[in-house]
Amino acid sequence: FASLSQDKTFLSSFNEQTPINAFAKSDILKTALQAVVAQKYQIPFATMNSNFSKLRTVGDLATFIGENGSAKALTQIK
């Protein structure tokens with residue numbers, strides 16, 4: 001995912017409507033994204049994993065984090 005932060009074309013079109021599969025294209029990347037989100041926002045991995053297939057866009061993921069992340073982790077969002 002780090003390389004995407006260097007991709008100006010990707011960044012210029014990245015928004016809430018960006019499909020998750022635009023940057024997590026393989027099963028390995030999808031699992032890695034789940035692990036990163038679960039760890040960063042203190043969401044049980046089982047919860048992340050069982051709901052991930054329902055998340056289509058970055059906005060869906062942001063809403064999921066807001067609803068399931070720990071209060072402590074959410075207060076650290078800038």
Side-chain angles (χ1 to χ4, degrees):
F1 305 114
S3 65
L4 291 174
S5 67
Q6 306 298 319
D7 184 340
K8 291 181 183 187
T9 302
F10 179 79
L11 290 178
S12 69
S13 63
F14 187 81
N15 60 49
E16 289 182 355
Q17 299 306 314
T18 300
I20 291 172
N21 65 10
F23 57 92
K25 295 179 181 184
S26 69
D27 289 341
I28 290 172
L29 286 175
K30 289 174 186 172
T31 300
L33 178 61
Q34 291 176 58
V36 168
V37 169
Q39 180 181 6
K40 173 77 176 166
Y41 298 104
Q42 301 171 358
I43 301 169
F45 186 79
T47 301
M48 183 79 237
N49 187 265
S50 65
N51 289 281
F52 191 77
S53 65
K54 300 172 196 168
L55 308 176
R56 300 283 180 230
T57 67
V58 171
D60 294 340
L61 180 58
T63 299
F64 177 82
I65 291 168
E67 292 173 347
N68 294 280
S70 77
K72 181 180 177 183
L74 294 175
T75 60
Q76 297 174 0
I77 295 176
K78 296 178 181 178

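Only a predicted model underlies this, so the values are computations on that prediction, with no experimental measurement involved. Here, residue 1 is the first one in the sequence, and each next residue gets the next number. Every heavy atom of this structure was used, including side-chain atoms; hydrogens, water molecules and symmetry mates were not.
Within the model, atoms OG1 of Thr47 and CD of Glu67 stand 12.5 Å from one another, a figure rounded to the nearest 0.5 Å. Considering CG of Leu33 and CD1 of Ile20, their distance stands at 6.5 Å, rounded to 0.5 Å. Atom CD of Glu16 and atom OG1 of Thr63 lie 7.5 Å apart (nearest 0.5 Å).
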### Task
Before giving the answer on side chain to side chain contact (heavy atoms under 4.5 Å, CB included), spell out for Ile43 and Phe64 the whole-Å C-alpha distance, their side-chain angles and the decisive distance to 0.1 Å.
CA-CA 10 Å; Ile43 301 169; Phe64 177 82; 4.0 Å; yes
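Take Asn21 and apply the side-chain hydrogen bond (donor to acceptor under 3.5 Å, both in side chains) test, not counting sequence neighbours, and it matches no residue. Remark: Val58 pairs with Phe14, Thr18, Phe23 by the side chain to side chain contact (heavy atoms under 4.5 Å, CB included) rule, at least two apart or across chains. Under the side chain to side chain contact (heavy atoms under 4.5 Å, CB included) criterion, Ser26 pairs with Ile28, Leu29, not counting sequence neighbours. Lys54 meets the side-chain hydrogen bond (donor to acceptor under 3.5 Å, both in side chains) test with Asn51; sequence neighbours excluded. Qualifying side-chain hydrogen bond (donor to acceptor under 3.5 Å, both in side chains) partners for Ser70, counting only residues two or more places apart in sequence or in other chains: Gln42.
Linking Ile, Leu, Val, Met, Phe, Trp and Tyr whenever their side-chain heavy atoms come within less than 4.5 Å leaves Leu61 and Phe45 in two separate clusters. Hydrophobic clustering of Ile, Leu, Val, Met, Phe, Trp and Tyr side chains at less than 4.5 Å, counting indirect connections, unites Ile77 with Met48.
In this structure the side chain of Ile65 reaches within 4.5 angstrom of the side chain of Leu74, judged on heavy atoms.
For Asp60 (side chain) and Thr57 (main-chain N/O), a donor-acceptor pair under 3.5 Å exists by modelled atom type.
The 12-atom threshold is not exceeded at CG of Asp27, counting heavy atoms of other residues, nucleotides or ligands nearer than 6.0 Å.
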